[in-house]
> 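Take a look at this one; I'll ask things after.
Below, chains carry the letters A, B, ... as their sequence lines are ordered, and counting in each starts from 1.
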Amino acid sequence: MEFQLNLSKIPFNLENSLECGQVFRWKKENGWWVSVIDDKVVKLKQKNNLLNVKSSSNDTNEKYIRKYLRINDPLPDILSSINKDLIMATAVSKLNGLRLIKQSPWECLASFICATYKNIVSIKKMISNICCRLGKRIEFEGMIYYTFPEPEIVASVDKHTLENCGLGYRAKFLQETAKRIASREVALDNLEYSNYENAKAILLGNTGDGKILPGVGPKVADCVMLFSLEKLDAFPIDVWIRRTIQKYYSHLFENDTNHQISSWKDNSISATEYKTISKKMRRYFGSYAGYAQEYLFHYARKSEIVSLTSVSSNS
DNA sequence: GCATCACCTAGAGG
DNA sequence: ACCTCTAGGTGAT
């Protein structure tokens with residue numbers, strides 16, 4: 001399967017969208033961005049208004065690609081709705097065309113369970129290891145690729161297999177969560193049809209029925225909802241975003257006597273802080289707060305407007 | 001409820 | 001070659 005997608009008058013930037021930290025399995029090979037989506041190898045190359053697409057499957061049609069890349073999101077309207085201040089205006093002007101990507105919920109959930117307390121380079125390696133060892137093999141244009149393994153597979157392997165993928169203490173979290181997804185104790189795919197509050201309560205196990213997903217806290221839940229469950233108002237808060245907010249949005253918290261922004265410690269976010277920041281920023285940016293988060297996150301990392309002592313290169 | 005702290009491990013920096 | 005520190009946080013106390 002091979003075709004071109006005409007993007008004239010549709011703002012889209014492939015590189016920004018794939019490198020902003022929301023997806024972990026795309027890599028550049030011979031000028032093409034390559035990954036496996038579901039069970040299909042997909043290669044993408046953008047030249048101005050044209051997106052070249054190649055795939056191992058004939059099911060990878062224009063509709064499929066448009067959905068995955070969220071081409072139908074009204075990006076100009078979204079960006080003007082979140083463009084509320086100078087820092088966002090700068091991020092938008094530098095990253096225009098960055099779109100959220102619609103991932104498979106299970107792969108997204110598993111990825112962000114692995115992502116806790118790791119840098120992006122390490123995350124990519126862990127996920128690559130999981131796919132190599134447990135995924136289905138696909139050959140395309142002389143190269144071998146692997147699918148992301150189904151929850152049933154992850155649930156049933158020996159625990160050491162996951163540990164050997166470099167997951168460390170995350171191995172048991174991932175496997176336990178895989179079991180509960182595989183058994184459909186938690187119907188992950190149905191959460192797309194719940195609202196933000198309900199979906200989050202179910203992911204966090206706050207429904208009172210004891211269906212806990214280990215390794216899933218507020219940050220992981222927000223990432224899964226934003227990147228795979230159509231909750232574009234979700235606003236994940238990690239150390240980068242928190243530092244950016246502390247530096248550029250402290251005025252929003254001036255009247256908050258309970259949670260003075262100046263007292264935030266640099267290396268951790270308490271549950272209370274998470275709720276305070278999340279509520280404030282979701283209200284401030286509105287129904288597309290998740291787009292704002294992604295632009296701020298990528299801009300903060302790329303431009304180093306907030307400092308980290310150890311920043312890994314993105315290669 | 002709410003704050004503190006340990007946690008697997010790879011990779012960077014000294 | 002070593003040591004120290006940190007990473008898209010979460011769970012236990």
> To the side chain of A/Val220, which of B/dC8, C/dG9, B/dC2 is closest?
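Out of B/dC8, C/dG9, B/dC2, the nucleotide with an atom closest to A/Val220's side chain is C/dG9.
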
> A/Tyr299 ring centre to A/Lys94 NZ or CZ under 6.0 Å, with the angle to the axis within 45°?
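Because its charged atom misses either the 6.0 Å distance or the 45° angle limit, A/Lys94 does not stack over A/Tyr299.
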
> Quick one: the side chain of A/Lys219 and the base of C/dT10, do they pair up donor-acceptor inside 3.5 Å?
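No.
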
> Given that A/Ser122 and A/Lys172 both sit by DNA chain B, which one's nearest nucleotide is further toward the 5' end?
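It is A/Lys172, whose closest nucleotide lies nearer the 5' terminus.
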
> Take the protein atom NZ of A/Lys124 and the nucleotide atom P of B/dG11, then report the distance between them rounded to whole Å.
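Atom NZ in A/Lys124 sits about 14 Å away from atom P in B/dG11.
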
> Going by an N to O cut-off under 4.0 Å, is there a salt bridge joining A/Glu230 and A/Lys102?
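Salt bridge flag = yes for A/Lys102 with A/Glu230.
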
> Identify whether the distance between the nearest side-chain nitrogen and carboxylate oxygen of A/Lys172 and A/Glu176 falls below 4.0 Å.
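Looking at A/Glu176 together with A/Lys172, the answer is no, because their closest N to O distance does not fall below 4.0 Å.
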
> What's the CG-P distance between A/Leu167 and C/dG9, to the nearest Å?
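So the two atoms are 15 Å apart, to the nearest Å.
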
> Among the nucleotides B/dC8, C/dA7, C/dT10, which one has an atom lying closest to any side-chain atom of A/Pro218?
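Between B/dC8, C/dA7, C/dT10, the one nearest the side chain of A/Pro218 would be C/dT10.
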
> From CG of A/Asp222 over to C1' of C/dG9, roughly how many Å is that when rounded to an integer?
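It works out to 13 Å between those atoms.
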
> Counting only side-chain heavy atoms from C-beta out, which of B/dA3, C/dG9, B/dA10 sits nearest to A/Asp238?
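For the A/Asp238 side chain, the nearest candidate turns out to be C/dG9.
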
> Would you kindly compare A/Phe112 and A/Val216 by the position of their nearest DNA chain C nucleotide and give the one closer to the 5′ end?
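Upstream on the strand: A/Phe112.
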
> In Å, rounded to the nearest 0.5 Å, how long is the span from OH of A/Tyr145 to NZ of A/Lys43?
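Those atoms lie 4.0 Å apart.
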
> Any base atoms under 4.0 Å from A/Phe24, or only sugar-phosphate, or nothing? Heavy atoms, all strands.
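It contacts base atoms.
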
> If each of A/Thr116 and A/Lys275 is mapped to the nucleotide of DNA chain B with the nearest heavy atom, which maps nearer the 5' terminus, i.e. the 5' end?
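Between the two, 5'-proximity favours A/Lys275.
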
> Answer yes or no as to whether C/dG9 has its base stacked against A/Tyr117, where stacking requires a ring-centre separation under 5.5 angstrom and planes under 30 degrees apart.
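One would call A/Tyr117 stacked on the C/dG9 base.
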
> Nearest-Å distance, CD (A/Glu163) to P (B/dT9)?
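From A/Glu163 CD to B/dT9 P: 7 Å.
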
> Hey, are A/Asp85 and A/Tyr248 close enough side-chain-wise for a donor-acceptor pair under 3.5 Å?
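There is no such pair between these side chains.
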
> To the nearest angstrom, how far is A/Ile123 atom CD1 from C/dT6 atom C1'?
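Atom-to-atom, A/Ile123 to C/dT6, this comes out as 13 Å.
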
> Would you indicate what A/Ile113 reaches in the nucleic acid, counting non-hydrogen atoms under 4.0 angstrom: base, sugar-phosphate, or nothing?
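No contact.
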
> Select base, sugar-phosphate, or nothing to describe what A/Phe173 touches, counting heavy atoms under 4.0 Å on all strands.
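The answer is sugar-phosphate, as A/Phe173 gets under 4.0 Å only of primed atoms, P, OP1 or OP2.
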
> Hey, is the side chain of A/Tyr169 pairing donor to acceptor with the base of C/dG9 inside 3.5 Å?
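Checked by distance alone, the answer is yes.
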
> Whole Å only: how far is the NE2 atom of A/His160 from the P atom of B/dT9?
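Taking atom P of B/dT9 as the reference, NE2 of A/His160 is at 11 Å.
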
> Please determine if a side-chain N or O atom of A/Lys125 lies less than 4.0 Å away from the OP1 or OP2 oxygen of B/dG11.
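Yes.
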
> Across the strands shown, which category fits A/Pro214 at heavy-atom distances under 4.0 angstrom: base, sugar-phosphate, nothing?
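Sugar-phosphate: the residue A/Pro214, judged by heavy atoms under 4.0 Å, touches backbone atoms but no base.
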
> Which class fits the ring pair A/Tyr169 and A/Phe173: parallel under 30°, tilted 30 to 60°, perpendicular over 60°?
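Ring orientation, 0 to 90° scale: perpendicular.
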
> Quick one: look up who B/dA10 pairs with, Watson-Crick or G-U, both distances under 3.5 Å, and put none if it's unpaired.
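The base-pairing partner of B/dA10, which may sit in any strand shown, is C/dT6.
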
> Please report the distance, rounded to the nearest Å, between CZ in A/Arg170 and C1' in C/dG9.
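The distance from CZ of A/Arg170 to C1' of C/dG9 comes to 9 Å, rounded to the nearest Å.
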
> Of the options B/dG11, C/dG9, C/dA7, whose atoms approach the side-chain atoms of A/Asn119 most closely?
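Looking only at side-chain atoms, A/Asn119 lies closest to C/dA7.
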
